[in-house]
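Sequential numbering from 1 along the given sequence is applied to the chain's residues.
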Amino acid sequence: MTAAQLVPASQARADIPSPEITELIDLNDVMTAAALPTSGLITVEVNTDGTVSFALPRTEVGQGITTSTAMLIAEELGIPLSRVHITLAEARPELLFNQLTGGSNTTFSTYTPIRVAAAVARNRLLQTAAAEWGTAVTELTWDAGLVTGPGGRSADMGDLSPKAARARTEEVSVSLKPRDMFTVIGKPHNRVDAHAAVTGRKTFTLDLKIPDAMPTMVCRPPTINGKVGSVSNLSEVRSMPGVTDVVVISTGVAVCATTFGRCIDAVRALRVSWKPGSAEGKSDESVLAELRAAELPMGLPSVTPNVEERFTFHFRSNSALEPNCAIADVRSDRAEIWSSLKAPIVAKQAIATKLGLPLGAVTVHVTEGGGSFGRKLFFDAALEAVEVSQRIRKPVKLMWHRADDSRQGRAHPMATSRVRISYLGNTVLGYKQRHTSVSTDLSHGLGEIFTALAAKLPVGDIGFSETFFQLSQSMPYGFGANSRLLSETDKGFNTGSMRNVYSPDVTCARELLVDRLAGKMGKDPYRFRRDFLRDDRSRAVLDKAAEAGNWGRSMPAGTAQGIAFHSEYHSTSAVLVELDCRPETVDRPVRDGVAGPRVTKAVIAVDVGLAVNPRGLEAQMMGCLMDGIALTLTSSLHLRDGHFLEASWDNYFYTRQWNTPPELQVIVLSPSTGEPGGAGELGVAASMAAVACAYGRATGTMPTVFPINHGTLSFEPKPTVPPIPASPTDGLDHVR
C-alpha cells in the first residue's frame, strides 16, 4: 500500500489582470486547497493477485467517478482497467475536508494525488525487484504490471507487493507519466460499473442484507418541519399485522414492520395531532413578498440607457431517483451506519454527538447512491435511522417514501434575481445583479471549509452563503464595472445545494438580459456574446456550439434558437437549443401534466481542460441539459399553506421523454489546459439559459418566471393526511 503527500510549489498569481475574484481563486480552488493537507492519506494498494484496490474518499452517486478514478490508476501503473477495483472509503475523520463530494471537485482535486500514489507504488515495486535481483532500477522494464530484468527474470507486481510493503513514512520523488504518453486518460471508456447496473447486481443501501434490520418508515407532519403533538391510536397500530414497533421521534412517528408494505399501511393508519411547522401558513406569494423585501438596493438609477428586469425562480425539488434511505445498528457502546453520504465525516460527527458516543465508536459505511446532485450532502435519513434504532434497540432499515422527499426533503430555494445592464452606444458601461434567495443550508461541510480557510480567502468577512456565491459566480463578458451580491432570507425551509447551486438562476437571468441588450443594440445574440467574451477559450466553445447548431438558420414561426454561455470551475460551456412553441406542440395532451414547449435540438460544447473520460463527460452534459430543460419549462414545487403540493415524481415534472430533444450533440473541445476542470455541474446553467432565451425569441416575450408553466397546476394535489398517498391499484393505467 502506498500513499503520497503532495508538496505544492509556491507560485505567485500577480499576473492576473482582472479584479474578478474567481480568476484569483474559485470554489473549486478552495475545496482543493482544503483537501491538500491530507492528500498523503490517499492510498493505493497492490494485491497479491495482481489487482489494485483503491478506497475512494468521495461518493459515487451515478456521476461516474469510480470509472475516472480507475482510469487514473490504470494509466499511471500501466495496467488494464479491469485490474483496478474501486470501493468507497468509510468515514475517515482524519481526512478532514478530503472526504466531501460536491462542487464538481472530485476529479479536479484528486487527479494528481491519486496518480502520485500509483506512481509511488510502481517505483516501490521496481525498487523491490532491483533489490531482489541485485540490479539497478534503470535496468528493469515495466509492462502491464510485469517487471522484467536482466537474464530474463520477471515478476508480476502481485508477487512483489508483499516484499515492497513498508510500515514507515518517507519522502520520495516520482515522475508522472507525461501527457503525450497517455493511453487511458483522455480516451472514452464505458463505466466500470455499467454491467452491474444494467443487470441489477449493483448494490445500494436498501440491497444490503444487514442481519435483523427491520423495514422502517416515518409518518411525517402535514406541513414543513411540523412536530408531533400526540398520537391517539398507538396501541391499535402496534397490533396491526407485521408491525413490530411504533415510536415517536423528533421528525414524526416511526413504524417498524416485517415489510415496507406493512410500514406504509401502518403510517397511513396513524392518527396524529401535529404542532405547527417552520413554514406554517406560507405560500409562493408570501415567500415572494419576503424576497422582494430582502432585496439589496441597486444603487442610483443609471443616467445612461439600460436594460433591467427582475426574475422569479420557484422552489424546486432536490429529490434523488433513489429514495432517501439508511441502515443503522445502534448498541449501548457503539453504532454502525450504512448510507450513501457525500459528507460522511460530518455525518459521523453528528451521529456521535446525537448518541453521546465517542467518535471512534461510530462506524459509517459509505454506499453507492442512485442519484444525488446535492441531496446526499445531507444525512437526515441516517440521523432518523440512528434515533429509531436507539429507541427500539434493534437494527433498522429506514426508507423515505417518495412523498416524504417531495414535501419534507431538500428543495432548491425560491429566489429572485434583478439585473441591470447600462450601456451607451456600442459600449457596455456596467452590470449589476442582486440575487435574493430563501436561505441555502450549507451545514453539510462546505461552510466549515470556508471557516477553516477564512483568512486566506479574498472575500472579506462575509457569511457562508455569500462566500459560496462570490467564489462560484463570475462575469465572462467585458461589461465594465460589475457587481453581483447575494441576500438570503427565511431559514424555515429545508434547502440544499442542488446541482450547480446558484449558477442556473444567476446565469439564466444574465443571459436573458444579454439577449435583450443585443436587441437594443441591433446585434445578433451570438455575435454580441462573442464580441464581449473576455478570452479566446470562451469564444471557442461559443463558436463551436453556433457552428455545429447552424446558428441563424431559417426556422418556422413559433420556433426559435437560443444560445447561452457559462463558465465555472476552470471550465467553459456553451449551449444552443431549438425550441418549438407552436400551439400544436404546447397544447398537446399529457396525462396530469402540462406539455408546454419542446426542445427539439440541442448542441453542447464544453472545454473542461483535460477530460479524463470523454464518454463520461458526454453523459454528464446530457444530464445537465435535462436539468436545464426542467428548470426552464416544467420543474417546480408549489407551496401552499406551509406545505408543497407535489407528492412524488408523477406530479413533479422533471424533464420527461416528451420534452427530450430528438437531436442532441455533445462536443468536447480539445484540451486547452493540461489538467481537468470541474464538469459535473457545468452544463446546467448554460442549458437553462439557452432554453429560456429560445422561448423569448420564439414567443416574442422574454420569460421572467420559472419554470414557465408554474402558474398552471395540472394535477389534483394528494392529501397531506395521511402523509403517504395510497399506492395505485389500477396497474397498467399508470404506464405512460
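- Here the shortest heavy-atom pairing between A545 and L576 reads O-CD1, 3.8 Å.
- Residue-environment remark: NZ (K187) exceeds the threshold of 12 foreign heavy atoms within 6.0 Å.
- The backbone N or O of P504 lies less than 3.5 Å from no partner atom in the side chain of T507, so there is not a single donor-acceptor pair.
- Remark: side-chain polar atoms of E90 are not paired, donor with acceptor, to backbone N or O of H365 under 3.5 angstrom.
- Contact check on E132 versus R153 returns no salt bridge, with no Lys/Arg side-chain nitrogen under 4.0 Å from an Asp/Glu carboxylate oxygen.
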Could you walk me through whether N613 and L617 pass the side chain to side chain contact (heavy atoms under 4.5 Å, CB included) check? CA-CA 6 Å; N613 183 8; L617 175 60; over 6 Å; no
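- Between F54 and H85, a ring centre-to-centre spacing not shorter than 6.0 Å is recorded.
- Ion pairing between a basic and an acidic side chain is recognised when a charged N comes within 4.0 Å of a carboxylate O; R537 and D543 show no such pairing.
- When atom types are taken as modelled, the side chain of T69 and the backbone of T66 share no donor-acceptor pair closer than 3.5 angstrom.
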Just do the side chain to side chain contact (heavy atoms under 4.5 Å, CB included) check on I185 and L72 with the steps written out, would you? CA-CA 7 Å; I185 295 175; L72 298 179; 3.7 Å; yes
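- S104 approaches G680 most closely through the heavy-atom pair OG-N, 3.3 Å.
- F373 is linked by a side chain to side chain contact (heavy atoms under 4.5 Å, CB included) to R499, Q620, counting only residues two or more places apart in sequence or in another chain.
- Using a distance-only test at 3.5 Å, with no hydrogens or angles considered, no donor-acceptor pair links the side chain of S154 to the main chain of T148.
- Once rounded to the nearest 0.5 Å, the distance linking CZ of R124 with NZ of K163 reads 12.0 Å.
- Between S573 and H566, the side chains place no donor N or O within less than 3.5 Å of an acceptor N or O (distance only, hydrogens not considered).
- A salt bridge between R122 and E76 is present, with a side-chain N of the basic residue lying under 4.0 Å from a carboxylate O of the acidic one.
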Check step by step if side chain to side chain contact (heavy atoms under 4.5 Å, CB included) holds for D536 and R539. CA-CA 5 Å; D536 291 339; R539 284 187 284 271; 2.6 Å; yes
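- Put simply, OG on S474 and CD1 on I21 are 11.0 Å apart, with the number rounded to the nearest 0.5 Å.
- Using a 4.5 Å cut-off on side-chain heavy atoms (C-beta onward), D627 and S687 make no contact.
- Here the side chain of R83 pairs no donor or acceptor atom with the backbone of V52 at under 3.5 angstrom.
- You'll find the side chain of K376 reaches within 4.5 Å of the side chain of S340, heavy atoms only.
- When the shell of 6.0 Å around CG of D49 is examined, it contains more than 12 heavy atoms from other residues, nucleotides or ligands.
- For K348 (side chain) and V362 (main-chain N/O), a donor-acceptor pair under 3.5 Å exists by modelled atom type.
- Note that CG of L208 is 8.0 Å distant from CH2 of W338, once rounded to the nearest 0.5 Å.
- Side-chain atoms of E336 and T363 include no donor-acceptor pair closer than 3.5 Å.
- D193 has a carboxylate O that lies under 4.0 Å from a charged side-chain N of R191, or vice versa, which qualifies the two as a salt bridge.
- Proximity of a side-chain donor or acceptor of E75 to a complementary backbone N or O of T183 within less than 3.5 Å is detected.
- For the residue pair D607 / S672, a side-chain donor-acceptor distance below 3.5 Å is found, with atom types taken as modelled.
- Nearest heavy-atom pair across A130 and V137 is CB-CG2, 3.8 Å.
- Counting all heavy atoms, side chain and backbone alike, P93 lies closest to I345 at CA-CG2, 3.9 Å.
- Side-chain atoms of S339 come within 3.5 Å of backbone atoms of C325 as a donor-acceptor pair (strictly under, hydrogens ignored).
- Closest heavy-atom contact between T67 and N190: CG2-O, 3.7 Å.
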Derivation of the salt bridge (Lys or Arg N to Asp or Glu O under 4.0 Å) call for R534 and E23: CA-CA 12 Å; R534 296 167 51 186; E23 292 185 19; 2.9 Å; yes
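- The two residues S567 and P476 make their nearest non-hydrogen contact at OG-CB, 4.2 Å.
- Side-chain atoms of E60 never come within 3.5 Å of backbone atoms of L56 as a donor-acceptor pair (strictly under, hydrogens ignored).
- D159 has its side chain out of reach of T48: every pair of non-hydrogen atoms, C-beta onward, lies at least 4.5 Å apart.
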Could you walk me through whether I629 and L625 pass the side chain to side chain contact (heavy atoms under 4.5 Å, CB included) check? CA-CA 6 Å; I629 293 172; L625 175 68; 4.0 Å; yes
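- Between the side chains of N47 and S53, at least one donor N or O lies within less than 3.5 Å of an accepting N or O.
- Under the 4.5 Å side-chain criterion, counting only non-hydrogen atoms from C-beta, E568 is in contact with N500.
- Between V668 and E618 there is a side-chain heavy-atom pair separated by less than 4.5 Å.
- Using a 4.5 Å heavy-atom cutoff, the side chains of L146 and M157 are not in contact.
- Side-chain contact between V61 and T101 is absent, with no heavy atoms from C-beta onward closer than 4.5 Å.
- Within the 4.5 Å cutoff, side-chain heavy atoms of Y569 are placed close to those of L27.
- Atom-to-atom distance recorded for L206:CG and E322:CD is 6.5 Å, nearest 0.5 angstrom.
- Note that CZ of R58 is 6.0 Å distant from CG of N105, once rounded to the nearest 0.5 Å.
- A distance-only check finds no donor-acceptor pair linking the side chain of T38 to the backbone of L96 [under 3.5 Å].
- Exactly one of D29, L100, L36, T32 qualifies for a side-chain contact (heavy atoms from CB on, under 4.5 Å) with S109. That residue is T32.
- Rounded to the nearest 0.5 Å, atoms CZ (R529) and CG (L542) are 7.5 Å apart.
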